[in-house]
Colleague: 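One structure is given below, represented as structure tokens, and several questions about it will come after.
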Amino acid sequence: MKYRSLYIKVISALLVFGAWEIAGRIPISYAFPTFFESMSALARMTFDGSIFVAYSETLKPLVIGVAISTVLGIGLGLWIGLSERFEWLFSPIFIVMQAAPLAALIPLLVMAYGIGLTSKVFVVCIMAMPVIVLSTSSAVRNTPSSMQQMATSFLAKDHHILLKIIIPAASPVIFSGLRLGVSAGFIGAILSELKITPTGVGDIISYSRSIADYPSMYAAIFSIILLAVLFLNLLEKIENLLFKGNDRGYVTD
Amino acid sequence: MIVDMSQTNSDFAGVQQPEQDIAVSVRGVSKNYGAVEALKDMSLEFPRGQLTSLLGPSGCGKTTLLKIIGGLLKPDSGEIVVNGKPVVGPGPNRAFVFQDFALLPWANVLRNVAFGLELRGVAKSEREDKAAKYIKDVGLAGFEQAYPHELSGGMRQRVGLARALSVDSKVLLLDEPFSAVDEQTRRKFQEDLLSLVANENKTFIFVTHSIEEAVYVSDQIAILLPRPSRVSEIIRPSSFRLKGAENIRRDPEYLDIVDEIWASLRNYVE
Amino acid sequence: MIVDMSQTNSDFAGVQQPEQDIAVSVRGVSKNYGAVEALKDMSLEFPRGQLTSLLGPSGCGKTTLLKIIGGLLKPDSGEIVVNGKPVVGPGPNRAFVFQDFALLPWANVLRNVAFGLELRGVAKSEREDKAAKYIKDVGLAGFEQAYPHELSGGMRQRVGLARALSVDSKVLLLDEPFSAVDEQTRRKFQEDLLSLVANENKTFIFVTHSIEEAVYVSDQIAILLPRPSRVSEIIRPSSFRLKGAENIRRDPEYLDIVDEIWASLRNYVE
Amino acid sequence: MWIRGYKLPAMSSLLVWGLLWEVVGQLGMTFFIPPLSDVFVTLFEIIGTPAFLKALSETAQAFCAGVFFSVAIGIPVGILMGRSRLLDELLLPWVNIFVSAPLTALVPVLMVLFGFGMKSIIITTTLFGIWIIILNTRAGVRQINRSLVEMATSFGASPMDAFLKVYFWAALPEILGGVRIGVIRAVKGVIIGQLLISIVGFGALFELYASNFLMSHFWAVLIVLFTLAFSISEFLGYLEKKVAYYAASR
Amino acid sequence: DTLKIALAETPSDELAAFFVALDRAKANGLDYEWTAFSDEELAVQAILSGQMDIGFGTPYSAMQRSKAPIRIIFQLSKLKFFPVAVEEYTDLSQLDGQPIMLHSRGGGTDSIANVIEDRMSMSFGDRSYVPGSSNRVVAMLAGQADATILDLSNKNKIIAEAGDRFNVLPMFDVDASDEALFANLDWIKDNSEQVDILVEALVSVWQDMAEDPTVISRETNPDGPIGQLPAEILAELDGFYTEAVAGGLYDPNGGGRIAAKADLDWYAAAGQLDGNPEEMNIEDFWYLAPLDAAMK
Ligand SMILES: Nc1ncnc2c1ncn2[C@@H]1O[C@H](COP(=O)(O)OP(=O)(O)OP(=O)(O)O)[C@@H](O)[C@H]1O
Ligand SMILES: Nc1ncnc2c1ncn2[C@@H]1O[C@H](COP(=O)(O)OP(=O)(O)OP(=O)(O)O)[C@@H](O)[C@H]1O
Ligand SMILES: [Mg+2]
Ligand SMILES: [Mg+2]
């Protein structure tokens with residue numbers, strides 16, 4: 001059953017898209033286009049190249065922000081997980097960042113960083129970083145102690161224990177935080193384009209919405225989701241590659 | 001055959017031979033876990049180039065003692081001296097085989113075995129060559145790429161053993177290293193240990209529950225009392241090796257000494 | 001003393017006594033893990049009210065066989081019949097002692113021991129009384145409230161043993177149940193097992209690496225070939241128990257049979 | 001954090017940050033950040049007003065319901081996904097999709113399906129909280145020591161027993177970590193729901209205060225929210241510490 | 001049936017007059033409830049999907065593109081926007097070639113900018129978009145931009161906050177609608193009684209307000225959504241309405257045909273409507289019966 005998982009994916013996709021098409025045809029709302037209308041809008045945007053232009057704009061803050069959040073987030077998360085002092089001082093910041101309604105804070109960001117790339121990168125970071133930091137730090141605390149002891153007995157230095165024991169042991173949870181962080185980063189990038197300055201894909205969404213071109217709006221949203229899902233799958237591949245033995249399969253197998 | 005017996009721990013200091021070269025000495029070590037007294041004022045010396053077995057009831061504190069010697073636990077009082085220097089933590093002169101194996105679940109056999117070398121900064125190709133050799137020695141050739149969860153209990157134990165042997169330390173702390181392997185393999189490993197003792201002057205501290213094994217491989221056997229643990233006797237069954245593993249099972253001297261240990265162990269159980 | 005020997009697996013069907021009551025029978029079972037062939041067309045019968053030991057090299061598939069009998073793994077082919085019914089999954093008629101203990105780290109000793117009963121829906125006070133009794137039997141009185149990570153290796157093993165005994169199943173599957181306990185305790189447990197066999201007509205399937213232990217406690221010993229595992233011989237060393245544990249060590253008959261097993265085990269290793 | 005043998009309460013570091021805020025506010029660097037003391041004065045002024053109490057109850061209701069659904073759905077789904085290949089293959093793509101869908105964009109669809117009332121806000125809150133709970137639970141379950149599962153099965157555990165007595169507990173450290181983050185995210189979710197769907201509750205207050213530049217009002221409401229997020233997070237952190245004794249020895 | 005009103009923003013000073021009208025309508029037997037949405041598009045979608053009855057906004061493109069028969073019934077306010085620039089600019093023509101900050105592509109401010117370019121035969125430089133008037137105020141205050149277009153209340157705020165740094169540039173009058181009430185035609189016909197009561201109340205308030213702007217603050221229900229606003233905001237109600245009435249923000253006649261015609265011209269020029277405004281039929285966008293009835 002080599003292709004089983006592919007079949008399952010295709011079937012469930014067909015079901016959902018079918019439901020979408022039907023819902024669009026009823027229609028459940030005049031603002032809800034059918035699947036085919038949306039896909040033809042997507043095809044149109046792909047062929048006239050406008051979607052690529054938009055993404056070249058959107059991906060800039062996204063990539064920068066996600067890269068910063070990943071590196072800084074995992075680093076800070078490790079530090080918070082390891083040092084009680086650091087946790088005491090800094091975990092409130094991330095809880096605040098995580099809980100703060102970003103939309104309400106955007107004026108502050110605009111004030112401080114203007115309406116350019118910096119603000120957008122900032123939004124992406126604010127969205128992506130806290131989950132990464134908090135997951136990493138909680139995972140670090142659950143590292144099996146017998147393995148730490150083993151490494152110590154084989155003369156592991158602190159950085160060895162960190163890199164070779166704590167990170168691999170914590171990796172499943174770090175990666176689940178990372179997934180959420182990266183997707184939050186996607187959302188942040190779009191949000192910043194909707195709320196700070198409409199450029200790129202956010203512009204397509206808000207413009208087609210304001211001219212009631214709903215198929216284009218849904219097509220743009222669909223393309224973001226598609227991109228994010230592809231990216232998350234890539235992330236999962238990386239996880240499986242880096243920490244192969246951590247994948248012990250499913251209990252039902 | 002020499003059998004020294006020092007009935008109590010306080011006598012013990014008197015019988016030690018000063019001319020002997022002591023690799024590890026345990027001096028008045030106590031250790032409590034909360035209300036549980038694991039070790040109480042324990043003193044014991046491990047001569048260099050010899051194999052010392054620790055025999056004692058389950059839960060008496062053998063693992064605790066080994067971990068203290070290994071520098072993984074701090075004693076509540078007392079000290080450990082290795083090669084004349086007090087122990088403050090783990091060191092390259094000691095390698096550990098863990099009772100619960102302590103393998104990295106995310107690493108395959110090759111990486112697990114090479115892990116000790118990896119931590120010492122040995123280059124990848126070199127450490128993998130070395131690891132491959134030890135994997136073969138413990139009979140796991142062909143399983144280099146397997147992950148711990150794909151191995152049987154005994155195979156996991158052998159991975160832990162190979163890891164400790166590969167770092168080539170002078171003192172080896174073995175916590176029930178053969179408990180899950182079959183007799184045949186165990187016999188081979190015993191021979192390997194003995195040849196390491198004889199040819200490379202390594203010092204072994206060895207926990208086992210098999211009296212026969214202890215008698216066969218040990219230069220000295222320390223018999224521990226149950227919790228709180230102290231040394232009750234030291235026995236030196238030093239000449240069986242020469243007779244060969246095949247023959248000793250029916251050797252009356254061997255059987256006598258097993259009975260003797262058996263008798264002194266059972267004394268306090270119940 | 002009776003020693004039956006059936007040289008090969010194919011002969012085996014012929015030697016079984018039809019009048020004997022068979023509790024568990026393994027019929028042509030094969031199991032592969034990916035490319036690793038663990039069991040290959042294995043057939044074996046376990047008479048009711050007897051203790052059968054499985055002896056074989058580490059990694060040959062003993063645990064795999066036990067898990068298949070326990071209904072925890074599905075064989076690739078063949079079937080298991082318990083009390084005349086084919087096994088499709090775990091059942092209350094079989095209890096398991098796991099090689100790696102499988103204790104719940106978040107539960108204390110009392111709850112761990114009572115866990116089998118808890119899953120069978122026994123009321124709290126009743127199951128805790130029962131668990132307390134078995135905890136005492138395995139020598140852990142006083143540790144009821146301790147958590148697994150506060151126990152020594154041997155103590156953990158005894159918790160797993162107490163849990164399996166407390167559910168009072170007719171068939172017990174014991175995977176190296178005494179590997180981490182001291183000789184004295186092991187001897188006591190062996191006596192306990194034997195009295196369960198004698199008085200309660202329980203059927204034991206017992207994995208061990210100690211030939212001496214197998215010879216002492218077993219009604220029949222199945223010697224397994226290395227991977228892919230089949231039964232190479234069945235040995236029935238049935239009369240040593242009567243002689244008493246104390247005396248058999250020097251008994252020449254005992255020594256002969258140990259040597260015999262040893263010889264046949266070593267045949268194929270290397 | 002310990003100072004001279006005294007354990008400082010976890011939130012005490014907020015005092016440090018609060019002090020920093022006060023200083024920045026007093027310096028008058030920007031009208032956006034009024035001194036913390038002003039914010040507190042405003043907070044006490046508005047805290048008893050009917051508008052505030054109404055917003056509080058609307059927000060609390062939506063939040064509690066949203067958290068309840070994220071936990072009650074997220075944990076079982078996460079466990080099932082970590083346990084069964086079929087379910088994982090079926091659900092993971094959709095989890096990934098929902099995780100990555102910009103919620104702001106999903107909201108119109110939600111509104112179409114569920115209307116503008118409480119229901120849509122609760123769903124938005126749930127959508128914020130649930131994914132990390134599912135993902136963390138799944139990660140926790142996949143790390144479970146297989147022997148524990150086999151042990152429970154061998155003693156005849158029913159699927160429900162296995163669920164409640166083994167999977168849940170074995171993955172509990174990860175689950176709690178996930179719930180903690182999920183709940184904090186839900187605080188944000190409920191506000192965003194209130195801002196995007198229909199402007200009610202604290203969302204309405206934020207909108208009103210921000211658009212009228214009533215900065216100390218704005219921060220006062222934000223402080224109420226942060227306090228909420230903190231106390232929940234600290235409570236869950238306390239639970240996490242309770243399971244720490246076995247988390248590292250699984 | 002309860003009338004469900006979709007507001008495009010949370011109740012604030014600008015909506016005080018509308019709520020006064022609602023109170024009067026209630027006295028005449030209208031049963032209503034309102035929901036505030038974060039922006040006009042959401043309110044439009046709510047009407048399109050039938051979950052709300054009457055919405056706020058100027059949904060011309062939705063009317064043209066979607067299959068739903070949406071009609072405007074009352075003009076609430078005119079497009080009164082104020083170009084604001086840093087003090088070195090005193091006249092619109094000076095902004096030729098200068099960058100400007102607007103709300104969104106295709107939005108109201110964008111169309112104003114288009115029309116300004118048209119009438120003054122000039123062209124702005126780069127247009128950057130910052131949604132939300134208050135965000136644009138912040139960006140101006142922080143020196144992120146030199147020129148923008150603001151609504152009345154945000155213009156007042158920026159001048160109050162830093163009047164010395166910014167100028168309000170004079171601009172021509174516009175009759176087109178900024179906010180209007182709209183609904184689905186089928187629904188309007190089914191509920192003409194309710195619609196009539198509401199429009200009548202609106203007309204009466206709008207006319208009273210034209211005579212005396214303080215009527216709003218006097219008639220505001222202290223327990224209603226406006227009465228509950230912070231005192232800081234309530235204190236400015238009279239000032240706001242006096243200035244708004246003086247500035248012609250509110251048409252006492254509810255817009256009607258004049259406004260409809262102006263809207264078509266304006267939104268076609270602004271790019272929200274496709275086609276020639278001369279050829280468009282007012283009846284496709286407005287439903288005038290209730291207003292006509294109220295004006296009698
Ligand atoms: N982390 C711990 N916390 C509390 N008590 C502990 C801890 N580790 C060990 N103990 C207790 O210390 C005693 C000695 O344990 P230790 O593991 O040293 O025994 P051992 O001699 O190695 O036993 P075994 O032969 O069964 O492995 C036991 O009674 C055990 O309960
Ligand atoms: N989950 C698994 N995945 C892949 N291979 C496995 C798995 N479990 C066991 N094996 C392989 O099956 C073979 C038999 O394993 P098993 O655990 O049954 O051995 P055993 O006889 O119990 O050995 P031991 O005496 O060492 O416990 C081993 O070679 C092992 O590598
Ligand atoms: Mg031990
Ligand atoms: Mg096994």
Side-chain angles (χ1 to χ4, degrees), chain B residues 33-34 36 38 55-64 98-101 138-140 142-143 146 150-158 175-176 178-188 207-212 214 226-227 246 249-250 252 255 258-259 261-262 265-270, chain C residues 33-34 36 38 55-64 98-101 139-140 142-143 146 150-158 175-176 178-188 207-212 214 226-227 246 249-250 252 255-256 258-259 261-262 265-270:
Chain B
Y33 293 105
V36 177
L55 261 181
S58 163
C60 77
K62 303 177 294 296
T63 300
T64 306
F98 291 85
Q99 190 172 9
D100 59 359
F101 319 157
V138 298
L140 288 177
F143 285 90
E150 299 168 342
L151 299 181
S152 77
M155 292 159 90
R156 284 180 214 174
Q157 189 166 44
R158 288 181 270 160
D175 199 354
E176 306 189 24
F178 308 146
S179 63
V181 299
D182 56 290
E183 287 273 296
Q184 176 67 23
T185 312
R186 179 188 276 246
R187 199 56 63 94
K188 171 181 176 302
V207 175
T208 181
H209 284 306
S210 162
I211 301 175
E212 284 82 1
R227 230 171 322 111
E246 305 310 296
R249 207 195 309 272
R250 290 168 198 250
L255 289 167
V258 169
D259 275 349
I261 295 176
W262 178 239
L265 270 174
R266 103 191 310 172
N267 257 349
Y268 49 78
V269 181
E270 66 241 27
Chain C
Y33 293 104
V36 177
L55 262 181
S58 162
C60 77
K62 303 179 294 297
T63 301
T64 304
F98 290 83
Q99 190 172 8
D100 60 357
F101 319 157
L140 288 177
F143 284 92
E150 298 168 342
L151 300 180
S152 76
M155 293 159 90
R156 285 179 214 174
Q157 190 166 45
R158 287 182 269 160
D175 199 355
E176 307 188 24
F178 308 147
S179 62
V181 299
D182 56 289
E183 287 273 300
Q184 177 67 25
T185 311
R186 177 190 276 247
R187 199 55 64 93
K188 173 181 175 302
V207 175
T208 182
H209 284 305
S210 161
I211 300 175
E212 283 83 2
R227 230 169 328 107
E246 304 311 295
R249 208 194 309 273
R250 291 169 197 253
L255 290 167
D256 283 345
V258 169
D259 274 350
I261 295 176
W262 178 240
L265 270 174
R266 106 192 308 173
N267 256 349
Y268 52 75
V269 181
E270 67 241 26

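Worth knowing before you read on, the calculation uses all heavy atoms, side chains too, and leaves out hydrogens, waters and symmetry mates. Chain identifiers are assigned alphabetically (A, B, ...) following the order of the sequence lines, protein sequences preceding nucleic acid strands; residue numbering begins at 1 within each chain. It should be emphasised that the depicted structure is a prediction, and the values quoted were computed from it without experimental measurement.
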Colleague: What part of E176(B) is in contact with chain C, defined as an atom under 4.5 angstrom from a non-hydrogen atom: side chain, backbone, both or neither?
Modeller: side chain

Colleague: Would you sort out whether R156(B) and Q99(C) count as a side-chain contact (heavy atoms from CB on, under 4.5 Å), showing the intermediate values?
Modeller: CA-CA 12 Å; R156(B) 284 180 214 174; Q99(C) 190 172 8; over 6 Å; no

Colleague: Side chain, backbone, both or neither: which part of V207(B) has a non-hydrogen atom closer than 4.5 Å to chain C?
Modeller: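 Neither part, no heavy atoms under 4.5 Å.
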
Colleague: Using heavy-atom distances under 4.5 Å, tell me whether Q157(C) contacts chain B through its side chain, its backbone, both, or neither.
Modeller: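 The answer is neither part of Q157(C).
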
Colleague: With a 4.5 angstrom heavy-atom cut-off, which part of R158(B) approaches chain C: side chain, backbone, both or neither?
Modeller: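 It is the side chain, since no backbone atom gets that close.
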
Colleague: Pick one of side chain, backbone, both or neither for F101(B), based on which atoms fall under 4.5 Å of a heavy atom in chain C.
Modeller: neither

Colleague: Working to the nearest 0.5 Å, report the span between OG of S58(C) and CZ of R186(B).
Modeller: 11.5 Å

Colleague: Please look at F143(C) and chain B and tell me whether the side chain, the backbone, both or neither of the residue comes under 4.5 angstrom of a heavy atom of that chain.
Modeller: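 Contact with chain B involves the side chain of F143(C) alone.
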
Colleague: Which value, rounded to the nearest 0.5 Å, describes the distance between H209(B) atom NE2 and T185(C) atom OG1?
Modeller: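 Here the interatomic distance stands at 8.0 Å.
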
Colleague: Roughly how far, to the nearest 0.5 Å, is OG1 of T63(C) from CG of L151(B)?
Modeller: 12.0 Å

Colleague: Please state whether the side chain, the backbone, both or neither of S152(B) comes within less than 4.5 Å of a heavy atom of chain C.
Modeller: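 It is the side chain, since no backbone atom gets that close.
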
Colleague: Are any non-hydrogen side-chain atoms of E150(B) and Y33(C) less than 4.5 angstrom apart?
Modeller: no

Colleague: As an exercise, state the distance from OG1 of T208(B) to CD of E183(C), rounded to the nearest 0.5 Å.
Modeller: 8.0 Å

